[in-house]
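Structure first, commentary second.
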Amino acid sequence: EMDHPNLVFLIGTADEPPKLCIVTEYCAHGSLFDVLQKQRIRFAPSLTLSIATDIARGMAALHAMSPPVLHRDLKSLNVLLDDRWSAKICDFGLSRFYLQSIQSNKSPIGTPQWMAPEVMQSPAYGLKADVYSFGIVLWELTHYAVPFAHLQNHFQVMLGVSKGERPHISRSTPKVLAALMRACWDGSPDARPAFADILQLLESVTVDDLS
């Protein structure tokens, strides 16, 4: 049901002891996080735009399903890159079908550096929580840094984000991408664009817009 070029493809499972195995398509370059932080590869502007568009395309497909799928843990560690540098979203262990809102009274879901403030603060949240996370991934793509690396622990990250703190956007960031980041991580979920709109914007951006 989730067969899409920007969602990692499930080949099969094996449930024989001692471990449950999930077999997916092979993505030669590994996670986006490892490429940026461990391999320290620096992308050409055209590839940065292509990867961002791939992620938005995959997320738009998830949110367009019936019912929509809320990923709940979108981050660079959960974006894989294949041998053609196409991005594929993976790890749906925390994902849920979205009906009206996700109820999470017990504890926040996700990874604090990429977690939307409403997930931290509210017992209910919706699809725009994924949009916030995308804004953080877009920042990683353009800054080659770990978000909130200056904070010492998850509690400090959650406190800062709840109070409105966001990653610093450098002056060298293309204006169109900087504006998109700010829109995606707006404190009000209703003010954030939907992935269909994000995708439409990114598909209209040219490499000249990134210079």
Side-chain angles (χ1 to χ4, degrees), residues 30-45 47-56 58-59 70-81 87 89-91 94 108-122 125-195 197-199 201-202 205 209-211:
S31 76
L32 176 59
F33 182 90
D34 285 350
V35 168
L36 296 177
Q37 301 305 324
K38 295 182 179 180
Q39 301 176 40
R40 297 189 177 277
I41 294 175
R42 298 299 178 256
F43 300 137
L47 185 53
T48 296
L49 178 61
S50 176
I51 292 172
T53 305
D54 280 350
I55 299 170
M59 291 303 303
L70 183 57
H71 189 283
R72 300 208 300 176
D73 199 20
L74 178 61
K75 55 186 177 181
S76 55
L77 286 157
N78 289 339
V79 174
L80 302 181
L81 299 169
I89 299 163
C90 70
D91 197 345
L94 296 179
I109 294 294
T111 308
Q113 287 88 340
W114 291 267
M115 192 187 299
E118 66 270 19
V119 180
M120 304 174 184
Q121 300 167 343
S122 172
Y125 50 90
L127 296 174
K128 296 296 183 70
D130 282 343
V131 173
Y132 175 95
S133 302
F134 174 79
I136 302 295
V137 174
L138 186 57
W139 180 87
E140 292 178 271
L141 266 171
T142 54
H143 289 74
Y144 302 98
V146 178
F148 304 108
H150 64 288
L151 299 178
Q152 296 180 353
N153 53 55
H154 286 175
F155 175 77
Q156 289 187 356
V157 173
M158 294 174 71
L159 183 62
V161 170
S162 296
K163 292 183 176 180
E165 183 173 352
R166 301 291 186 268
H168 173 72
I169 300 177
S170 69
R171 292 184 177 181
S172 61
T173 305
K175 292 182 179 179
V176 63
L177 298 185
L180 179 56
M181 287 175 217
R182 293 189 180 97
C184 287
W185 65 42
D186 193 288
S188 170
D190 291 340
R192 299 173 202 155
F195 271 110
D197 299 320
I198 294 171
L199 180 59
L201 171 65
L202 290 173
V205 173
D209 296 326
L210 306 180
S211 59

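Atoms considered below: every heavy atom in the structure, side chains included; atoms not considered: hydrogens, waters and symmetry mates.
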State the [atom1]-[atom2] distance between [X] and [Y], to the nearest 0.5 angstrom.
{"X": "Tyr125", "Y": "Leu70", "atom1": "OH", "atom2": "CG", "result": "6.5 Å"}
{"X": "Arg166", "Y": "Met181", "atom1": "CZ", "atom2": "CE", "result": "14.0 Å"}
{"X": "Ser31", "Y": "Lys38", "atom1": "OG", "atom2": "NZ", "result": "7.0 Å"}
{"X": "Thr111", "Y": "Asp73", "atom1": "OG1", "atom2": "CG", "result": "4.0 Å"}
{"X": "Lys175", "Y": "Leu210", "atom1": "NZ", "atom2": "CG", "result": "13.5 Å"}
{"X": "Met59", "Y": "Leu199", "atom1": "CE", "atom2": "CG", "result": "12.0 Å"}

query: Checking Arg192 side chain against Val131 main chain: does a donor-acceptor pair fall under 3.5 Å?
result: no
query: Is there a donor-acceptor pair under 3.5 Å between the side chain of Arg40 and the backbone N or O of Val35?
result: no
Would you say [X] and [Y] make side-chain contact, with heavy atoms under 4.5 Å?
{"X": "Ile136", "Y": "Pro167", "value": "yes"}
{"X": "Ile198", "Y": "Cys184", "value": "yes"}
{"X": "His71", "Y": "Phe134", "value": "no"}
{"X": "Trp114", "Y": "Asn78", "value": "no"}
{"X": "Leu141", "Y": "Leu177", "value": "no"}
{"X": "Pro117", "Y": "Tyr132", "value": "yes"}
{"X": "Lys75", "Y": "Gln113", "value": "no"}
{"X": "Val161", "Y": "Trp185", "value": "no"}

Tell me the closest heavy-atom pair linking [X] and [Y], and the distance in Å.
{"X": "Cys90", "Y": "Leu80", "answer": "SG-CG, 3.7 Å"}
{"X": "Ile89", "Y": "Ile55", "answer": "CD1-O, 3.5 Å"}
{"X": "Glu140", "Y": "Ser76", "answer": "OE2-OG, 2.6 Å"}
{"X": "Pro193", "Y": "Asp197", "answer": "CB-CB, 4.4 Å"}
{"X": "Trp139", "Y": "Ala145", "answer": "CZ3-O, 3.4 Å"}
{"X": "Leu74", "Y": "Asp130", "answer": "CD2-O, 3.8 Å"}

- prompt: Does NZ or CZ of Arg42 fall inside the cone over Tyr144's six-membered ring, less than 6.0 Å from its centre and within 45° of the axis?
  reply: yes
Passing option when Phe33 is tested against Leu77, Val79, Val137 for side chain to side chain contact (heavy atoms under 4.5 Å, CB included): Leu77
message: I'd like to know whether Thr173 forms a side chain to side chain donor-acceptor pair (under 3.5 Å) with Ser170, so could you lay out the CA-CA distance, the side-chain angles of the two residues, the decisive distance to 0.1 Å, and finally the verdict.
response: CA-CA 6 Å; Thr173 305; Ser170 69; 3.1 Å; yes
query: For Phe148 and Glu165, what are the C-alpha separation, side-chain angles and deciding distance, and is it a side chain to side chain contact (heavy atoms under 4.5 Å, CB included)?
result: CA-CA 9 Å; Phe148 304 108; Glu165 183 173 352; 4.1 Å; yes
